[in-house]
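For reference, the structure is listed below as structure tokens.
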Amino acid sequence: MRAEPVHFNGARHTGNRSVLMNQNSQETKDRLYRIRHSLAHVCAQAVLEHYPQARLGFGPPTEDGFYYDFDFNGAPPQEKDLPRLEETMRRIIAARQPFTRTELQAPEALAKAAALRQNYKTLQIENLRAKGETCFSFYDNGPFSDLCEGPHVAHTGELPAKAFHLDHIAGAYWLGSERNKMLTRIYACAFESDAELAEHLRRRELARERDHKKLGKELELFTFSPMVGKGLPLWLPNGCVIRDCIEQYAREMEFRYGYQRVATPHITRAELYVRSQHLPAYKESMFPPMVIEDRGEDGVVTGSEEYYLKPMNCPHHHMIYAHRPVSYRELPMRLAEYGTCYRFEQSGELNGLLRVRSLCMNDAHIYLAEDQVKEEFRLLLKMYGEFYATFGLKDYRYRLSLRGTENREKFRGSDEMWDRAERILREVLEETAHPFDTGIGEAAFYGPKLDVQFKNLLGREETVSTIQIDFLGPENFDLNYTAPDGQPKRPVIIHRAPLSTHERFISFLIEAYGGAFPTWCAPLQVAIIPVREDVLGYARGIESELRNLGVRAEVDTSQNSFNKKIRSNLKLKIPNLLILGDKERDSGAVTWRRYGEEGQEQLASATFRERLLEEIRARQRRVPANS
RNA sequence: GCCGCCAUAGCUCAGUCGGUAGAGCAUAUCUUUCGUAAAGAUAAGGUCCUCGGUUCAAAUCCGAGUGGCGGCUCCA
């Protein structure tokens, strides 16, 4: 057998939605892995019982259960049919069928797959044989047999009869390629005990409660209109406050780190993107061009120009860099812009704010000499850490994304360029002791990148932001600076976007905070609730004092009862409630109730103002008790 | 783009067998001014996503389109 574990019925895919169990970890051979792996077989067995015409694809364990892909030949089951399959699975489990392993040479293995009429297994044997595999194992239980590496439990009676749940059905391409047939994938959750399954389902339910699409609607942060177009978010006043606060923070941080702000238009002539190589590489992902025709006096078209909505800010920034000769003394030159870009993402990929067609990027390009790259990278890692600490985001890791061996043509530029860039990235990470892992084939077309991978509520990883080294852009645009010896030299470019896009970053924050934003970036910072009508004047006074200081405070002047006012402001997750009644008015005080915290505090209104302003100035985040 | 599911009031949803629609919340008006998670009454609110088909009759059945959701593929 080969040293690297072969996964006969485990699909190789890198999709980040259904995370496969790590095959190389110690978990690999453990009990849960065997249970999930064996349940996948039992699932396929049940499917064949109900759908004899079905053909089996891959069926690997995943982070929370397993899936199995089937070709149902035109008659796939629906989700309402899943309970019936579960019942059959339980019957197979009750039958305590032993799993037996058979090892076969290629000809026998192919004969067996043919006898089982499992054409996808035949293909898999052939694929593995082409890679040098000579020995193939099958696992049999009862009437069922499947090409599989194992391991499995001893018999089906060891499988938990209730701690699994056939969850949902989705399409998935054979071998993960869109050129292949779309199979039907049955997803399942599976655990060792009923309690673990219940806990998993409960956590998933909680995550759904915090879904940014749901909270975005409830808290009136953003909306979509079919009249405007799919994937084109409309930011409502509340959501726009969050954007503005984040943007203000980025401006302050970037100013401290020596960035200069620039602004560029939303449309650009095609030439710019031809030069940058974006147009050849990403034409399919760009909105089609606007064509401006030149006409002669007789109305005949004499020529035309194409304009594109910009999918990236970088080429514009390069043109700003190039508008006059640059001295080495000016480097690193850091040009920053919260730039709005438009990308024609595939319609099926659009997802709330997470994947959109118009996005506003916390973009900057740093032009510098090659010997400055390492130091700048250290600064960047420091800045990233500061940003994420402020937002209270801790669950992230760095991924060094490199070229892959497959589709080399995607990656432009010389090998020497790539090696230099990769070496610099690796060295800085090691010298600064930032733990990281590598993602082969995840690089940008112009260079390797450092991706920041955040875990969302369901434990799935999403790339939130990146740092990229680019030796290609300076070549494409013939960018230079004047070196101390008076000669022109090529700068290097670093692309970076620590706060990602407003769309993606805020969707993360909504879910991470469960909609309860810290005071500094909350749409409404202080809700003022008068206990009775005759303290309304006092409430108004407090309100205008706060508003004059730039605090977003509002008196709840609705006709609601006092209790209802408390309730409705809590539902909106307003971080600070001020309760004002006779007691407070007579002593110039306020009663301060914070969202998500037990108890409340009565204090002089001047003291409250000071403490609140300090909290906002420092961009503090108090962690609510319930999160 | 591909596979599957879904679309009823601003929101969340009910609507049986085909006989042109209901609830709660929200909104408006009136009464109530209340000390920590829902005061009371009344009113208004609908192209049952759109278009086409079947039918005496369509929210309901069929087809197409649009939009959303769960995945796959893609992601500068």
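All chains are named by letter (A, B, ...) in the order of the sequence lines, taking the proteins before the strands, and each is independently numbered beginning at 1. Any value given below was found using the heavy atoms of this structure, including those in side chains, with hydrogens, waters and symmetry copies removed.
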So does R355(A) reach the base of C74(B) with its side chain, donor to acceptor, closer than 3.5 Å? yes
I'd like a table of atom pairs between the protein and nucleotides 6-17 of chain B - only N or O on both sides, under 3.5 Å - with the distance next to each one.
residue: U12(B); atom: OP1; partner: K217(A); partner atom: NZ; Å: 3.3

Is R208(A) salt-bridged to D211(A), cutoff N-O under 4.0 Å? no
Between the side chains of R403(A) and D415(A), is the shortest nitrogen-to-carboxylate-oxygen separation below 4.0 Å, so that they form an ion pair? yes
Assign [X] to base, sugar-phosphate, or nothing according to its heavy-atom contacts below 4.0 angstrom with the strands shown.
X       : value
S285(A) : base
R593(A) : base
A444(A) : sugar-phosphate

What parts of residues 572-584 of chain A reach RNA chain B, counting only heavy atoms under 4.0 Å away? I579(A), G581(A), D582(A), K583(A), E584(A)
Examine R275(A) relative to F477(A) and say whether NZ or CZ is less than 6.0 Å from the centre of the six-membered ring and inside a 45° cone about the ring axis. yes
Side-chain N or O of Y173(A) closer than 4.0 Å to phosphate OP1/OP2 of C2(B): no
For G70(B), does OP1 or OP2 lie under 4.0 Å from any side-chain N or O of K213(A)? yes
Could you state the atom-to-atom distance from [atom1] of [X] to [atom2] of [N] in whole Å?
X       : N      : atom1 : atom2 : answer
L350(A) : C72(B) : CG    : P     : 15 Å
N560(A) : U29(B) : CG    : P     : 13 Å
D556(A) : G35(B) : CG    : C1'   : 15 Å

Please round to the nearest 0.5 Å and tell me the distance separating atom CE of M312(A) and atom CG of L272(A). 11.5 Å
Should the ring pair H278(A) and F445(A) be called parallel, tilted or perpendicular, given that the plane angle runs from 0 to 90° and is split at 30 and 60? perpendicular
Pairs counted only when both distances fall under 3.5 Å, Watson-Crick or G-U: show me the 5' to 3' dot-bracket for RNA chain B, [ ] for pseudoknotted crossings and | for other-strand partners. (((((((..((((.....[..)))).(((((.......))))).....(((((..]....))))))))))))....
What's the shortest heavy-atom distance between H365(A) and C314(A), and which atoms? NE2-CB, 3.0 Å
